[in-house]
Protein chains: 4
Amino acid sequence: MSEEKKTQVYLGVISLVQQGRSLNELKVSEIAEASGIGKGTCYEYFSSKEEIIRETLLYTFHKEFDSFCGLLQFDQGFEAGFRQILTVMEKALSQFSPFQTLMSSVGKRELKQYVSEEAMENIMRQMIRLIDLLLDQALQEGVIEPQRPREYQRFVLIGVMQAYCFQITNPQLQISAAQAADYAWQGLREALA
Amino acid sequence: MSEEKKTQVYLGVISLVQQGRSLNELKVSEIAEASGIGKGTCYEYFSSKEEIIRETLLYTFHKEFDSFCGLLQFDQGFEAGFRQILTVMEKALSQFSPFQTLMSSVGKRELKQYVSEEAMENIMRQMIRLIDLLLDQALQEGVIEPQRPREYQRFVLIGVMQAYCFQITNPQLQISAAQAADYAWQGLREALA
Amino acid sequence: MSEEKKTQVYLGVISLVQQGRSLNELKVSEIAEASGIGKGTCYEYFSSKEEIIRETLLYTFHKEFDSFCGLLQFDQGFEAGFRQILTVMEKALSQFSPFQTLMSSVGKRELKQYVSEEAMENIMRQMIRLIDLLLDQALQEGVIEPQRPREYQRFVLIGVMQAYCFQITNPQLQISAAQAADYAWQGLREALA
Amino acid sequence: MSEEKKTQVYLGVISLVQQGRSLNELKVSEIAEASGIGKGTCYEYFSSKEEIIRETLLYTFHKEFDSFCGLLQFDQGFEAGFRQILTVMEKALSQFSPFQTLMSSVGKRELKQYVSEEAMENIMRQMIRLIDLLLDQALQEGVIEPQRPREYQRFVLIGVMQAYCFQITNPQLQISAAQAADYAWQGLREALA
DNA sequence: GATGAATGAGACTTCATTCAT
DNA sequence: GATGAATGAAGTCTCATTCAT
């Protein structure tokens with residue numbers, strides 16, 4: 001069936017990138033080989049190489065975003081949920097998740113070539129909604145003070161998560177993941193309490 | 001003189017990228033034309049297209065980093081200096097500074113192809129030193145409490161700066177630059193005081 | 001099939017050289033056109049222009065050497081066989097056989113670039129073997145005296161054959177092929193009887 | 001003076017070829033460097049690269065031919081003179097004389113591109129004249145019988161000289177230069193006496 | 001539907017030649 | 001007269017795409 005074959009191609013592209021190739025140097029012949037299909041067959045399901053890459057990016061993002069959301073736990077309290085997110089992000093970053101891997105091989109500029117402005121905005125909207133869900137839970141549990149404007153709350157949550165990722169991906173800062181998670185939690189508390 | 005011609009080429013590349021082209025789709029003929037020299041002349045000063053791009057990245061980064069450092073003010077107090085940095089970053093991001101522009105058109109993966117691991121680490125080291133300089137000033141002025149570990153201090157400073165950049169570059173969050181700067185300062189104070 | 005396409009290319013190269021082009025001035029596009037295939041197709045069967053030329057030389061030599069050997073007749077006596085060789089060489093030289101044509105457009109120096117030292121030595125070894133076969137027949141028939149050392153016999157046979165070729169290819173000496181063949185036979189007899 | 005500079009260039013070309021480069025791969029920049037002059041200066045004395053190569057070939061040939069003729073000795077008898085020629089040829093071949101070196105790097109085909117048909121014929125005429133001079137001396141001394149036609153005499157002389165060169169340049173035949181010279185003399189005597 | 005041989009546009013790079021100094 | 005920086009025509013080779021099987 002058509003969607004299966006397409007997925008086969010997505011997985012081929014992902015495997016190549018995970019082997020260290022960068023997206024814009026992939027050849028159609030490589031993709032076909034990595035996907036276990038013939039070169040010509042790619043053109044039965046996609047109209048061009050660019051479409052293959054664009055759709056692979058979208059596929060990967062949705063897959064990863066869904067699994068990311070699935071891992072979220074709102075039932076064991078905000079702190080547990082927050083730390084769970086950090087863990088998931090750390091795993092994604094250190095294990096080179098498909099999405100992370102793909103993203104690291106395209107610049108923002110190229111990304112726009114592949115993914116429409118609209119798709120990007122949609123993604124961003126979903127992320128903001130997720131952030132707000134988390135903040136709502138934190139408020140309910142009284143972890144953070146209610147009087148702060150929502151914009152500031154978002155600012156802080158984004159900040160600690162980004163700082164966490166930065167620490168993880170820059171070993172020169174010489175902090176363990178656990179230590180960074182504690183700092184993230186501490187920073188969040190102090191800035192929002 | 002040789003360095004002048006090279007600079008001419010760097011500027012040609014930068015102008016192309018600022019016109020919206022992405023680094024890895026540039027043709028040598030375009031670069032030559034944008035630089036106002038003949039195609040063959042490029043090869044008098046660089047041995048390959050890759051060398052042109054690599055050296056342009058290094059040139060741009062060093063130029064920008066120097067000018068960034070030059071704009072720092074340590075003499076009017078920490079808060080003024082901190083806000084100055086935010087302003088500079090905002091200007092760089094919103095005006096598409098050459099470096100920002102170039103960076104947005106290469107993924108991390110490609111970046112490694114062009115810039116050696118060692119050069120990357122060197123850059124990171126310089127940034128950490130800069131962060132520490134700022135934190136030292138904040139400590140001297142009593143803006144932040146001395147008992148916190150330096151790692152945590154860095155974590156927070158990086159976090160607010162990254163969050164600030166994130167707000168600036170994602171207009172969907174609907175915050176003005178000034179507002180975001182206030183949040184950054186507030187977050188810094190609350191998390192480190 | 002792969003070997004057929006390669007042969008198609010060999011024939012293309014040969015036809016170009018027979019039209020007066022010299023090997024090292026051939027362009028891939030010309031070769032492709034002369035072979036009746038697309039430029040890119042050449043690179044499906046050969047990895048570079050140099051490989052095309054090298055393999056064409058080897059192909060042509062083997063083909064010609066085989067047909068040369070096939071024309072040899074050991075069954076009608078030494079003189080008939082010897083004159084047959086001269087005839088074959090004369091035809092090859094005057095009709096611009098593929099091999100002769102190719103050889104005339106590469107210097108020894110270039111030849112070594114294309115054909116390995118080992119291949120050259122192998123060829124030479126085969127030629128010596130051929131010479132010895134002829135000399136053995138001459139000895140059996142009593143055309144030449146047995147007491148001469150084999151090295152001298154070879155020396156003479158090579159000498160008359162080379163002189164014959166020299167006469168053929170230098171019309172200034174104003175000898176007909178038939179006359180030259182008679183001289184070759186006479187010289188051989190007198191020097192070896 | 002003009003001729004001096006030209007000679008400087010000839011010597012530059014010769015030195016390059018003696019270093020193993022082949023004529024048709026030389027770059028003007030290399031020739032200029034090897035000649036110790038600027039690239040542009042070449043074009044003050046020659047109108048093109050082809051002219052440089054053509055004139056170098058002519059220069060080298062004439063120089064070598066003259067020195068070859070100069071070494072000939074007609075005053076110590078034919079055998080001494082004949083053997084002297086063999087020695088000179090052997091030296092030229094084994095020591096890679098400039099001419100020999102240049103010749104080995106152009107095919108006959110290329111040679112025609114560089115040297116006019118007329119020049120070639122002229123050279124051949126001179127060689128025939130030389131051969132005839134030698135044969136005259138041999139006749140005077142009674143080394144060879146007078147009744148043979150001149151064409152046959154030439155045929156034999158050319159044959160032994162070519163066979164000698166062939167032996168020298170093909171070590172696989174495993175004959176020393178001295179042995180080959182004896183065979184050459186022997187062959188000449190037997191075929192012409 | 002699946003394939004991969006064939007293709008040619010177009011990329012990078014070289015280098016003979018020019019010309020301002 | 002001497003130079004070499006600048007040039008662009010032209011070469012080799014790649015690779016996305018097509019299409020006959």
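So that the names make sense, note that chain A is the first sequence line, chain B the second, and so on, each numbered from 1.
Atom CZ of A/F46 is separated from atom P of F/dA16 by 15 Å (rounded to the nearest Å). In this structure, the CD1 atom of D/I31 is 16 Å from the P atom of F/dG4, given to the nearest Å. In this structure, CD of A/Q8 is placed 13 Å from C1' of E/dG1, rounded to the nearest angstrom. Rounding to whole angstrom units, CD of residue C/E30 and C1' of F/dG11 are separated by 11 Å. Between the P atom of F/dC15 and the CG atom of A/N24 lies a distance of 12 Å, rounded to the nearest Å.
For B/E51, the side chain to side chain donor-acceptor pair (under 3.5 Å) criterion is met by B/S47, not counting sequence neighbours. A/M120 is linked by a side chain to side chain contact (heavy atoms under 4.5 Å, CB included) to A/L111, A/V115, counting only residues two or more places apart in sequence or in another chain. With sequence neighbours excluded, the residues satisfying side chain to side chain contact (heavy atoms under 4.5 Å, CB included) with A/E117 are A/K112, A/E121. Qualifying ring-ring contact (aromatic ring centres under 6.0 Å, His included) partners for C/F61, counting only residues two or more places apart in sequence or in other chains: C/F65, C/F99. Taking the side chain to side chain contact (heavy atoms under 4.5 Å, CB included) definition, one finds that B/S15 meets it with B/Q19, B/A34, sequence neighbours left out.
Here the shortest heavy-atom pairing between A/Y43 and A/S48 reads CE2-CA, 4.0 Å.
A side-chain hydrogen bond (donor to acceptor under 3.5 Å, both in side chains) check over residues 53-64 of chain C, counting only residues at least two apart or in different chains, returns the pairs C/K6-C/E55, C/Y10-C/E55, C/E50-C/R54, C/E64-C/S97. The list of salt bridge (Lys or Arg N to Asp or Glu O under 4.0 Å) pairs with a residue in residues 26-36 of chain D, not counting sequence neighbours, reads D/R21-D/E30.
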Revision key, fill the gap. Reading nucleotides 11-18 of chain E from 5' to 3' and marking B where a protein heavy atom lies under 4.0 Å of the base, S where only the sugar-phosphate is that close, and - otherwise, the string is SSBBSSBB

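DNA chain F forms stems at E:2-21 with F:2-21, each a run of 3 or more consecutive Watson-Crick or G-U wobble pairs whose two key distances fall under 3.5 Å.
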